[in-house]
Number of protein chains: 2
Amino acid sequence: MTAHRDQLDALGVAADHRQANGAGRTVPDATVARLALYLRALTSLADAGTATVSSESLASAAGVNSAKLRKDLSYLGSYGVRGVGYDVELLTEQIRSTLGLNQNRAVALIGLGHLGQALAGYAGFASRGFRIAALVDNDAALVGTFVRGLAVQHSDELENLVRAEDISIAVIAVPASVAQEVCDRLVAAGVTSILNFAPAVLNVPPHVDVRKVDLAAELQILSFHDNRKAVQADIEADAALAHSNGAGLSARAGQAGTA
Amino acid sequence: MTAHRDQLDALGVAADHRQANGAGRTVPDATVARLALYLRALTSLADAGTATVSSESLASAAGVNSAKLRKDLSYLGSYGVRGVGYDVELLTEQIRSTLGLNQNRAVALIGLGHLGQALAGYAGFASRGFRIAALVDNDAALVGTFVRGLAVQHSDELENLVRAEDISIAVIAVPASVAQEVCDRLVAAGVTSILNFAPAVLNVPPHVDVRKVDLAAELQILSFHDNRKAVQADIEADAALAHSNGAGLSARAGQAGTA
DNA sequence: ACGCTCTTGTGAAGGCATTCACAAAATCGA
DNA sequence: TCGATTTTGTGAATGCCTTCACAAGAGCGT
Ligand SMILES: NC(=O)c1ccc[n+]([C@@H]2O[C@H](COP(=O)([O-])OP(=O)(O)OC[C@H]3O[C@@H](n4cnc5c(N)ncnc54)[C@H](O)[C@@H]3O)[C@@H](O)[C@H]2O)c1
Ligand SMILES: NC(=O)c1ccc[n+]([C@@H]2O[C@H](COP(=O)([O-])OP(=O)(O)OC[C@H]3O[C@@H](n4cnc5c(N)ncnc54)[C@H](O)[C@@H]3O)[C@@H](O)[C@H]2O)c1
């Protein structure tokens, strides 16, 4: 167990992608998702002063198995050395380049409520290749306040900001009821990638990518497995009981049935 | 496009699951992840007063295709009526039951910094089947303060709280440097499911499930596709230019190459 | 009672992703 | 120079998931 399959997202609209990289190869989506993980692990290694790493140890640092890691890296080309491993710095550069992180991408954050404030202050974005270039909210009390040295702008400015800063990625942290409307405006202004925290399905034209983060859904997935474990334990307990007893039904809840 | 494949998570450790439901059938992981989505869509429909829904319209409300939805629901049993559709209330109950949401599960939240504060105040958890039963931090300045009517407890109390409230699910929102340590304590206290926000790979025993949320990774995945689009646009622009020009290289960045 | 229409439920096919397992490449020491 | 050792890169096999396409079932009007 330890985690679910490969965490096939709770989320997920539908579509397909393939990318032609420098070498002309194609990178599977599942691989792209893991490249981000490898990058994180490589950064730790570099910080620790490691210059070279084997697929085995990088894989374990990233929490995947080494065959998968090697196959993933093979889509980028051959940057390892047989018998030795991968050069940490070179591989980092390769992955950054594949992910398009060499240009410190500008990101807009829409909605500076509870979640938005936390995100705006999150150091992990900056350190991993993103520059928050615009903070937007429509609450007059928030507009003009500063978060991490950046002023919150009124949502009337949304289109101007997206164009002025050449923003292609936006994060939506507004209530679900206005998420589609905000999304439409972002798309109209030229945004092509959206990370959506609102529990709403966004409709976008085909050239726009949406990824969603649904925290309650994540918990529900955990709940399913947790429940499964409990039911399993029940079955086993009952089986054990049946020996001494006859036909027991343990006290545990056991939700898997037919309601 | 519209979204990536099925948003194979950026995250994901490795493992496999299968669940025997009431009918003795097995529910694929990919399906479990989508059940949470369907549930959300069903709740909206119920709020709107809809009593019955076809696979076609429920699918579109959830942003998936209808064949997939029907196949997914078929793992729970036959709760639809041919020629008519699904009863919203009945289906809701079925999914809730499958996900183990009929017992308002108690959740612990560890770390009440920027992110933790936002999560603690998030209404979406309560409305979708979870009760935040414990808030834990080790910062003396936070302990004793109240968030949504619940007092923040000192982390020394962690084990006691988990046992007292019979908590099996925990959310980790502490710095990455202490995430493993917090995780170990949670597991030792009896937690079996963890949602991890810290950018760190957690090692857990096999009976414990971990799901991770890595926001920077999400952005990096978006970045990859965004970059791909830009490169593609370049190629096309160059091809067009080549006709009038000879051999042009457009101004655009074009990061997909070999660094 | 019957035929028409609608929509589910599901075998079968096809497509991806993961895992296996090993030949090929590189280094090192003798 | 050569053999031992290490570790990559990748065909091939396997297993999931998705998608297709349609028979079976349910309601409805006549
Ligand atoms: N708080 C969390 O931990 C959390 C977790 C997961 C998901 N979410 C989701 O994220 C979204 C935001 O959550 P929150 O807790 O921060 O809510 P919030 O109410 O605290 O913040 C929403 C913010 O959006 C702003 N806003 C509203 N309409 C706007 C518009 N048209 N343009 C620009 N800004 C606008 C509001 O002024 C407010 O500041 C919600 O959809 C919520 O469901 C929140
Ligand atoms: N802020 C964000 O939007 C965001 C987004 C994604 C991921 N994250 C991650 O989530 C985690 C929290 O982020 P944050 O911005 O809230 O950080 P933060 O520094 O604001 O909060 C961390 C909290 O954890 C508490 N803490 C530290 N050690 C603890 C321990 N041993 N036991 C209990 N509590 C402890 C601290 O007192 C603090 O209140 C980090 O790992 C961060 O990388 C944050």
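Here the structure is a predicted model, which means the values were calculated and not measured. Sequence lines set the chain letters: A, B, ... in the order given, protein chains first and strands last, and positions in each chain run from 1.
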Enquirer: At less than 3.5 Å, do the side-chain atoms of Arg82(B) and the base atoms of dT8(C) form a donor-acceptor pair?
Expert: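 Answer is yes: a donor-acceptor pair is held.
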
Enquirer: From C-beta outward on Arg70(B), which listed nucleotide comes closest to its side chain: dG11(C), dC20(C), dC22(D)?
Expert: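 Nearest to the side chain of Arg70(B) among the choices is dC22(D).
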
Enquirer: Using whole Å, what does the distance between atom P of nucleotide dC17(D) and atom CG of Asn65(B) come to?
Expert: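 Atom CG in Asn65(B) sits about 16 Å away from atom P in dC17(D).
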
Enquirer: Nearest to the Lys68(A) side chain among dT19(C), dT18(D), dG9(C), which nucleotide is it?
Expert: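 Closest nucleotide among those given: dT19(C).
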
Enquirer: So does Asp209(B) get a backbone contact from the side chain of Ser193(B), meaning a donor-acceptor N/O pair under 3.5 Å?
Expert: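 Looks like no, no N/O pair under 3.5 Å.
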
Enquirer: Closer than 3.5 angstrom, by distance alone: can the side chain of Thr98(A) be matched with the main-chain N or O of Gln94(A) as a donor-acceptor pair?
Expert: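 Checking the backbone N and O of Gln94(A) against the side chain of Thr98(A), a donor-acceptor pair under 3.5 Å is found.
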
Enquirer: Considering only dG9(D), dT10(C), dT18(C), which nucleotide approaches the side chain of Ala30(A) most closely?
Expert: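 Side chain of Ala30(A) sits closest to dT18(C).
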
Enquirer: Could you check Ala67(B) against Tyr86(A) and say which one's nearest nucleotide on DNA chain D is further toward the 5' end?
Expert: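 With Ala67(B) and Tyr86(A) compared, the 5'-side residue is Tyr86(A).
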
Enquirer: With nearest nucleotides of DNA chain C determined for Val53(B) and Lys71(B) from heavy-atom distances, which residue corresponds to the more 5′ nucleotide?
Expert: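 That would be Val53(B).
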
Enquirer: Once you round it to whole Å, what is the distance between P of dT10(C) and CG of Leu69(B)?
Expert: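 That distance rounds to 14 Å.
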
Enquirer: Whole Å only: how far is the OH atom of Tyr38(A) from the C1' atom of dT8(D)?
Expert: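 So the two atoms are 15 Å apart, to the nearest Å.
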
Enquirer: The side chain of Val81(B) lies closest to which of these nucleotides: dT8(C), dA26(D), dT8(D)?
Expert: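 Of the options given, the side chain of Val81(B) lies nearest dA26(D).
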
Enquirer: Working to the nearest 0.5 Å, report the span between NE2 of His225(A) and CG of Asp29(B).
Expert: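 Rounded to the nearest 0.5 Å, the NE2-CG separation comes to 4.5 Å.
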
Enquirer: Is the shortest side-chain N to carboxylate O distance from Arg128(B) to Asp214(A) below 4.0 Å?
Expert: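 Yes, this pair counts.
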
Enquirer: Nearest of dT8(D), dT18(D), dT18(C) to any side-chain atom of Ser55(A)?
Expert: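 Selected nucleotide (nearest to the side chain): dT8(D).
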
